[in-house]
Number of protein chains: 2
Amino acid sequence: MITLALITLFGFNFIRKPKTGQKPGMHKAAIERTNETIAAQLTPVGRETVQDRVYSELRRALIGGLFEPNQVLTIRGLADALVTSTMPVREALGRLITEKALEALPNRSVRVPPITLERIDDLLRARSLIEGEAIALAATRMNPRQIASIEAMLGEWDEMRALKHKKDIDREATLNQSFHFEIYRCCGSAVLIPMIESLWLQSGPCIRVAIYAFSDAGEVDTAHYHRRIVAALAKQDAQAAREALVADISRPFAFLRDKLQSAAAKDQT
Amino acid sequence: MITLALITLFGFNFIRKPKTGQKPGMHKAAIERTNETIAAQLTPVGRETVQDRVYSELRRALIGGLFEPNQVLTIRGLADALVTSTMPVREALGRLITEKALEALPNRSVRVPPITLERIDDLLRARSLIEGEAIALAATRMNPRQIASIEAMLGEWDEMRALKHKKDIDREATLNQSFHFEIYRCCGSAVLIPMIESLWLQSGPCIRVAIYAFSDAGEVDTAHYHRRIVAALAKQDAQAAREALVADISRPFAFLRDKLQSAAAKDQT
DNA sequence: ATTTTTGATTTGTGATCACACTTGCTTTGA
DNA sequence: TCAAAGCAAGTGTGATCACAAATCAAAAAT
C-alpha cells in the first residue's frame, strides 16, 4: 500500500519548487557593496545540529578504533555518555548502519561488525582499488603548494617521533588520517571521497587492533612508505603513487591477517 | 565536551557482552527434533520496521528516477504521501543524505542533487571503476547455473520488447537493474555491493532523464551490450566483461552529457 | 512602482511518552 | 538438582508536542 501511495507522488505538496537561483535582494548597489565587504571579513558560522555532533563523534571513535569489533552499542547508553537525549543518537546510529560502519542484528540491537578473514581481504581489496584510483588522480593534479603541505606533515611526523618516547598512538593515527585525506582531497572527485571515508569507517575497528601491536617495528616503515608516496606525487608519477599507497595500506591488513590466522590455528588445536 | 565524554567510554553500561553463541535450550532430544522439523517447514517471518519500508520506497523512487534533480523534499509531505508519521521519514531521509543520494542544504531542507557536467563524469568514472571490478571478479566465479539465470533474463527482455508496442520504461529499468545486480552479487564481495548500490542511488535521478529520451534508439543497443556482457561472462573473460560493462553504462551518461552541453550552449546564446 | 517590513504559515529538530519486544534472573515444578 | 515457566528491567520504535528558524505573502514606506 505504501507502493501505491508513492506512485501517485507527483503533484503532491511535498514537492517544493526549486529555488530560482536568483538572489532576491539585488537592489541598492551601495548597501550590497557594504554587505559584501562585511561578508569578506566574517566567516560563516554555520549551524551544527546535535545530531551532526553525535555523528561526527561516533565516526571519530570508530575510525580511531575506540570501539572493539563485536561490541554492542545501545542508544540510551550512548545518549548518556554523550549527554544528550536518545533522539540524535538513534538517527546517527541509523546513518552509520547504512554506511556499514555498524551492523543491525535481527534483535534490533546494533554492534560493531566482527572481524573475519574474508572481510579483511574484502576491505583491503576495495581500499586498494578506490584509494589507489584517488591517489592516481591526485598525482596528476597536485600543485607544488599542496605537495609542500603534505611534505610538511611528514616532517611533523618525524619531529613527533624524535621528541616523544611515549608512543602517542591516537596522535599518530590522526596524523596518518590527515596525511591520506589531504592527498585524496586533491583527486577532484566528490564521489570517491565519501566512499573512501566509508571504507575507513569500516576498517577502523580492524586496523586499530593491528596498530596497537606494531607500533615499534611499524613506525619506521610507515615513515618510509609515506616518503615513497610523497616522492611519487612530486614526480607526478601516478602509477608509482598507487603502488606505494597500496603497499602502505596493505601492511596493517597483512599483519592483522597473520594474527587472525595464527589465532585460528591455535584455536583449532 | 562531547569529545571528553567519549574518551571515557569504555566500561560504561552501553557495552553489552557479545552473545556466547551457545544455544541455551539443548535439552530433551525428542522435543528438539520436533522443533527442528517444524522449523524446517516454517519460514522465519522477520520483522520489518516502518522506517525500513519508507527507506526502501524512497530508494526505489530515487533509483527509478521518480524524483527530479533539484526537487526539494519535505518530511511532513513525504510522511503524508506514505501515510505514516514524520519519524520514520526523517530517519530514512537522514540515511539517504549520508549516502549522498540526497543533499542537505544549509537551510536544513533536503533536495535531490542537481545534475552538473562534473558530477556526471565523476559518477561515470566511479561506476566504471567499481562495477568494472565487481564484474571482473564475478567473471571468474560464476557457475553455469548463474550464467543461465542471467541469460534467461536476456530472453525475458526480448520477449517483453517483442510483445509490447508500448514502452514500459519502469519495467525495463527494473529488469536492467536486476540484470546488473544478479551479476554483481556473484563477485563475492560484501563491501563492493553496497557501494554499487550507493552509486546507483546517486546516478538514478540523472540517468532517468537520459532513458526517457532514448528509448527508441537505445533499446536495441542495450540488448546488444547486454549480450556482449553475457558472452564475456560465459567465456570467463574478465577483461572483456569489464569492457562490455563500461560500454553499457557509458551510453546513458554520454547521452546525458551531450544533452546538457547543448542545453548549456543554447542557454549561452 | 519598487523596496522594506511585518506577520502568518510551514518546516526541521529535539524531547518525551507509550508500546512491544527482548533479556536476564528468579521462582516454581518435576 | 535441573529444566521450564514467570516476572521485571531494559531496549528499540513510532507518535506527538514544543520551539526556533525559514519561507512566503501582504502591507507599509520610500
Side-chain angles (χ1 to χ4, degrees), chain A residues 2 12-20 22-32 35 45-55 72-97 102-111, chain B residues 2 12-32 35 44-55 72-97 102-111:
Chain A
I2 284 184
F12 268 73
N13 64 332
F14 72 86
I15 303 181
R16 276 202 333 225
K17 316 301 169 303
K19 309 219 320 207
T20 60
Q22 284 279 39
K23 283 185 189 169
M26 196 67 80
H27 41 294
K28 292 265 178 68
I31 296 178
E32 183 68 18
N35 286 342
V45 51
R47 278 184 312 184
E48 194 185 28
T49 66
V50 178
Q51 183 190 152
D52 290 335
R53 286 211 297 275
V54 171
Y55 178 68
V72 174
L73 307 177
T74 69
I75 293 180
R76 285 177 172 91
L78 286 171
D80 288 348
L82 295 164
V83 199
T84 53
S85 78
T86 63
M87 184 63 59
V89 175
R90 65 196 262 193
E91 306 203 20
L93 283 187
R95 290 166 71 178
L96 290 168
I97 289 171
L102 295 175
E103 203 178 51
L105 283 81
N107 324 336
R108 292 186 176 178
S109 61
V110 357
R111 72 168 175 191
Chain B
I2 284 185
F12 267 74
N13 64 334
F14 70 85
I15 304 180
R16 277 204 329 228
K17 316 301 172 301
K19 309 219 321 204
T20 59
Q22 284 280 37
K23 284 186 187 169
M26 194 68 79
H27 41 296
K28 289 263 177 67
I31 296 178
E32 183 67 20
N35 285 345
V45 51
R47 279 183 311 185
E48 194 185 27
T49 67
V50 178
Q51 182 191 150
D52 290 336
R53 286 210 296 275
V54 171
Y55 177 68
V72 174
L73 307 178
T74 70
I75 294 179
R76 284 177 172 90
L78 286 172
D80 287 348
L82 295 165
V83 200
T84 51
S85 78
T86 64
M87 186 61 60
V89 175
R90 65 196 263 191
E91 305 202 22
L93 283 186
R95 290 165 71 178
L96 289 169
I97 289 170
L102 295 175
E103 204 180 49
L105 283 81
N107 324 335
R108 291 188 178 178
S109 61
V110 356
R111 73 168 174 190

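In what follows, chains carry the letters A, B, and so on, assigned in the order in which the sequence lines appear, proteins first and then strands, with residues in each chain numbered from 1. Atoms considered below: every heavy atom in the structure, side chains included; atoms not considered: hydrogens, waters and symmetry mates. Please read these numbers as outputs of a predicted model, since none were measured by experiment.
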Can you measure [X] atom [atom1] to [N] atom [atom2] for me and round it to whole angstrom units?
X	N	atom1	atom2	value
A:Arg111	D:dT11	CZ	P	18 Å
A:Leu102	D:dG12	CG	P	12 Å
B:Asp52	D:dG12	CG	P	15 Å
B:Leu73	C:dG12	CG	C1'	14 Å
B:Ile75	D:dT23	CD1	C1'	16 Å
B:Asp80	C:dG12	CG	P	11 Å

What is the distance from atom [atom1] of [X] to atom [atom2] of [Y], rounded to the nearest 0.5 Å?
X	Y	atom1	atom2	answer
B:Ile75	B:Ser85	CD1	OG	10.5 Å
B:Leu78	B:Thr86	CG	OG1	11.0 Å
A:Gln51	A:Met87	CD	CE	10.0 Å
B:Leu73	B:Glu103	CG	CD	11.5 Å
A:Arg90	B:Glu91	CZ	CD	4.5 Å
B:Leu93	A:Arg95	CG	CZ	11.5 Å

- Answer with base, sugar-phosphate or nothing: what part of the nucleic acid does B:Glu91 contact at a heavy-atom distance below 4.0 Å?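 Since no nucleic acid heavy atom lies under 4.0 Å of B:Glu91, the category is nothing.
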- Message: Check this for me: does the side-chain of B:Arg90 come within 3.5 Å of the base of C:dG14 through a donor and an acceptor?
- Response: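 Checked by distance alone, the answer is yes.
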- Message: Can you tell me whether the side chain of A:Arg76 and the base of D:dG10 have a donor-acceptor pair closer than 3.5 Å?
- Response: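 Answer is no: no donor-acceptor pair is held.
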I'd like a list of close polar pairs between nucleotides 7-9 of chain D and the protein, N/O only, cut-off under 3.5 Å.
none

- Query: Does a side-chain heavy-atom distance below 4.5 Å link B:Leu105 with B:Arg111?
  - Reply: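 Of all side-chain heavy-atom pairs linking B:Arg111 with B:Leu105, at least one is under 4.5 Å.
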- Task: Go through the structure and list residues passing side-chain hydrogen bond (donor to acceptor under 3.5 Å, both in side chains) with A:Thr49, not counting sequence neighbours.
- Result: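 For A:Thr49, the residues satisfying side-chain hydrogen bond (donor to acceptor under 3.5 Å, both in side chains) (neighbours in sequence not counted) are A:Asp52.
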- Task: Output the single nucleotide from C:dT11, C:dG14, D:dG14 whose closest atom is nearest the side chain of B:Thr74.
- Result: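 Selected nucleotide: C:dT11.
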- Nearest to the side chain of A:Met87 - D:dT16, D:dT13, D:dA15?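 So the nucleotide nearest the side chain must be D:dA15.
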- Message: Show the nearest heavy-atom pair for residues A:Thr84 and A:Val54, with the distance to one decimal.
- Response: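 Shortest heavy-atom separation between A:Thr84 and A:Val54 comes out as OG1-CG2, 4.4 Å.
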Would you tabulate the pairs of protein nitrogen or oxygen atoms and nucleotide nitrogen or oxygen atoms of nucleotides 20-22 of chain D closer than 3.5 angstrom?
{"residue": "D:dA21", "atom": "O3'", "partner": "A:Arg47", "partner atom": "NH1", "Å": "2.9"}

- Message: Using heavy-atom distances to pick each residue's nearest nucleotide on DNA chain C, tell me which of B:Thr86 and A:Thr86 is more 5'.
- Response: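 Upstream on the strand: B:Thr86.
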